[in-house]
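Here is the structure we will look at, set down as structure tokens.
Worth knowing before you read on, the calculation uses all heavy atoms, side chains too, and leaves out hydrogens, waters and symmetry mates. Note that the structure is a prediction, hence the values are computed from the model and not measured. We name chains A, B, ... by the order of the sequence lines, and we start the count at 1 in each one.
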Amino acid sequence: GFAFPDWAYKPESSPGSRQIQLWHFILELLQKEEYRDVIAWQGDYGEFVIKDPDEVARLWGMRKCKPHMNYDKLSRALRYYYNKRILHKTKGKRFTYKFNFSKLILVNYPVWDMAPSPLLTGANHYHPSLLQA
DNA sequence: TCCGGAAGGC
DNA sequence: GCCTTCCGGA
């Protein structure tokens, strides 16, 4: 057994809702270079900055078919991740959050080294077998 | 801006 | 369960 957080094993859709999860969507944007001006890894490992909150909200709204989505509402959803230990806020840094990656993940799993990787693009990204390594 | 309670949808 | 919507408060 390895010390990956439980949520890291979850596939695209959770068993119950079968809907895209926000944290997964965020990772999806982060791995694509075309969104570098919208959201990007920055600072410490696992830390990312939302450079264009309105655009991230718009894209999230598109995905969820919620045309009235905005950053106020999206950020409330992000705040619910605090107790779940998926995310926390980087205090003092505007629009900056940090994934609760353990160092173990980064050491044992270089593909998650905060850079866009072809391994993570495509339908099978985050497949559990990929994480077993 | 950021926080977290409350209500409610699906 | 996972948000979406709304909002008072810091």
Checking dC2(B), dT5(C), dC2(C) against the side chain of Y71(A) (C-beta onward), the nearest is dC2(B)
Taking the minimum atom-to-atom distance to the side chain of D72(A), which one of dC3(C), dC7(C), dT4(C) wins?
dC7(C)
Ignoring backbone atoms, establish whether [X] has a side-chain N or O less than 4.0 Å from OP1 or OP2 of [N].
X: K64(A); N: dT4(C); value: yes
X: Q19(A); N: dC3(C); value: no
X: K89(A); N: dC3(B); value: no

Is the F48(A) to F99(A) ring centre distance short of 6.0 Å?
yes
When the aromatic ring centroids of Y71(A) and F95(A) are compared, is their separation below 6.0 Å?
yes
Partners of K66(A) by salt bridge (charged side-chain N to carboxylate O under 4.0 Å, His left out), sequence neighbours excluded?
none
Just to be sure I understand the geometry, which residues of residues 49-62 of chain A put a non-hydrogen atom under 4.0 Å away from DNA chain B?
none
Table of protein N/O atoms under 3.5 Å from nucleotides 5-8 of chain B N/O atoms:
{"unit_1": "dG5(B)", "atom_1": "N7", "unit_2": "R76(A)", "atom_2": "NH2", "d": "3.0"}
{"unit_1": "dG5(B)", "atom_1": "O6", "unit_2": "R76(A)", "atom_2": "NE", "d": "2.7"}
{"unit_1": "dA6(B)", "atom_1": "N6", "unit_2": "Y80(A)", "atom_2": "OH", "d": "3.2"}

So what does L22(A) hit on the nucleic acid, given a heavy-atom distance under 4.0 Å: a base, only sugar-phosphate, or nothing?
sugar-phosphate
Apply side-chain hydrogen bond (donor to acceptor under 3.5 Å, both in side chains) to [X] and list each qualifying residue two or more places apart in sequence or on a separate chain.
X: K93(A); result: E47(A)
X: Y80(A); result: R76(A)
X: Y81(A); result: none

